Amino acid sequence: MFLIDTHAHIYLEDFADDLDQVISRAKLAGVDRIYLPNIDEKTLPDLNALVSKHPSLFKPMIGLHPTSVKDNYREVFNELFDGTDLTSYCAIGEIGIDLYWDKTHVREQTEIFERQIEMAKDNHLPVVIHARDSFKEIFEVVDRQNNSELTGIFHCFTGTIDDARHILKYGGFKLGIGGIVTFKNGGLDKILTDIDPENIVLETDAPYLAPTPNRGKRNESAYIRDVAIRVAEIYGKSLEEISAITTENALKIFEG
Ligand SMILES: [Zn+2]
């Protein structure tokens, strides 16, 4: 059985003390591959260093996260992308609009989000989208940009069934399902029963949003198993079946 964690920030300092154990626990849990979404120009060197240490397990993304878009966003953007060979990355992520923490830079966030979508299309790369309190703003951009070239994941999906349908209508997108699916009153179970499992991929978003029974603690890729078990339960399928389906879905996005 192989599981793919499509979204984990294992290069962050949260894992510096026990990285080897985190990796061996992930492998024991059946995790075969972990995709690393970037945050900004400061996190990229650590992300790249982790990938070069374990190139078959970790796969790198490059992107500017919306919460790192401030007044100096053009400089930051150039520092991140200037002279970068995009062919060594498997996706542009994570990118998007986040209006939960701060609405001050919504215009700048939208500009950078759209620019990164265009780069992804130009380079035949998928996008990994972070949406928080911002489906309306995100949909405006993706409605405008969507074509047969655009594919990707709406990571940590927590929208309504209408939001899910809007995303799946684009044609090239999957929903990233993480720890929230294991939370009582998380509400994702009702949405999943209305959509086919071929539309989802699994993720942890480690170190954030650990699934039950580790809710509130540091999250890590091994816990993807708890997400997979709950998703299997919702669909009335075996863990092996859900692993196979979601692994295939993830490879379809990242490997084309
Ligand atoms: Zn993330």
Side-chain angles (χ1 to χ4, degrees), residues 3-16 19 22 26 31 33-48 50-51 57-70 76 80 89-102 109 112-113 116-117 120 125-135 137-138 142 151-159 163 167 173-183 186 188 200-211 214-224 226-227 246 249-250 253-254:
L3 287 161
I4 292 183
D5 186 353
T6 60
H7 196 111
H9 303 272
I10 307 296
Y11 53 86
L12 293 179
E13 227 174 67
D14 306 67
F15 300 99
L19 179 65
V22 167
V31 179
R33 196 172 287 194
I34 301 171
Y35 288 91
L36 303 174
N38 187 45
I39 297 170
D40 56 30
E41 85 290 5
K42 293 192 222 63
T43 56
L44 193 66
D46 289 342
L47 186 156
N48 284 331
L50 180 59
V51 172
L57 181 62
F58 293 112
K59 302 294 168 188
M61 305 183 204
I62 185 169
L64 183 55
H65 191 287
T67 58
S68 291
V69 174
K70 308 285 180 207
V76 166
L80 185 63
Y89 295 91
C90 60
I92 304 280
E94 58 187 288
I95 64 174
I97 301 175
D98 187 319
L99 302 179
Y100 176 81
W101 296 108
D102 187 7
Q109 284 190 31
I112 286 297
F113 175 49
Q116 292 182 97
I117 288 187
L125 289 170
V127 291
V128 171
I129 296 179
H130 168 108
R132 196 155 183 207
D133 288 355
S134 61
F135 274 119
E137 290 79 2
I138 295 233
V142 182
T151 65
I153 296 167
F154 273 73
H155 120 79
C156 192
F157 178 77
T158 51
D163 295 329
I167 292 165
F173 282 89
K174 310 263 183 228
L175 307 178
I177 303 298
I180 291 171
V181 77
T182 69
F183 297 173
L188 265 178
I200 66 165
V201 295
L202 305 182
E203 63 170 61
T204 59
D205 202 14
Y208 316 108
L209 287 169
N214 292 294
R215 188 173 180 178
K217 298 191 197 137
R218 183 193 68 177
N219 198 1
E220 58 178 75
S221 289
Y223 301 164
I224 194 101
D226 298 313
V227 174
T246 54
N249 296 344
I253 293 292
F254 288 113

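Atoms within a ligand are numbered from 1 in the order they appear, just like the ligands themselves. We're numbering straight along the sequence, starting at 1. All values derive from a computational prediction rather than experimental measurement.
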field: Any side-chain donor near an acceptor of the partner, D14 and Y208, under 3.5 Å
entry: no

query: Is the closest side-chain donor-acceptor distance between T204 and D5 under 3.5 Å?
result: yes

Neighbour count above 12 (heavy atom, 6.0 Å) for K42 NZ: no

query: With a cut-off of 2.8 Å, does H9 place any N/O/S atom under that distance from the Zn ion (ligand 1)?
result: yes

- request: Answer yes or no for H7: is there an N/O/S atom below the 2.8 Å cut-off from the Zn ion (ligand 1)?
  value: yes

message: Given the Zn ion (ligand 1) as the apex, I'd like the angle to OD1 of D205 and OE2 of E94, rounded to 10 degrees.
response: 180°

message: Distance to the ring centre below 6.0 angstrom and angle to the axis at most 45 degrees; does that hold for R215 and F183?
response: yes

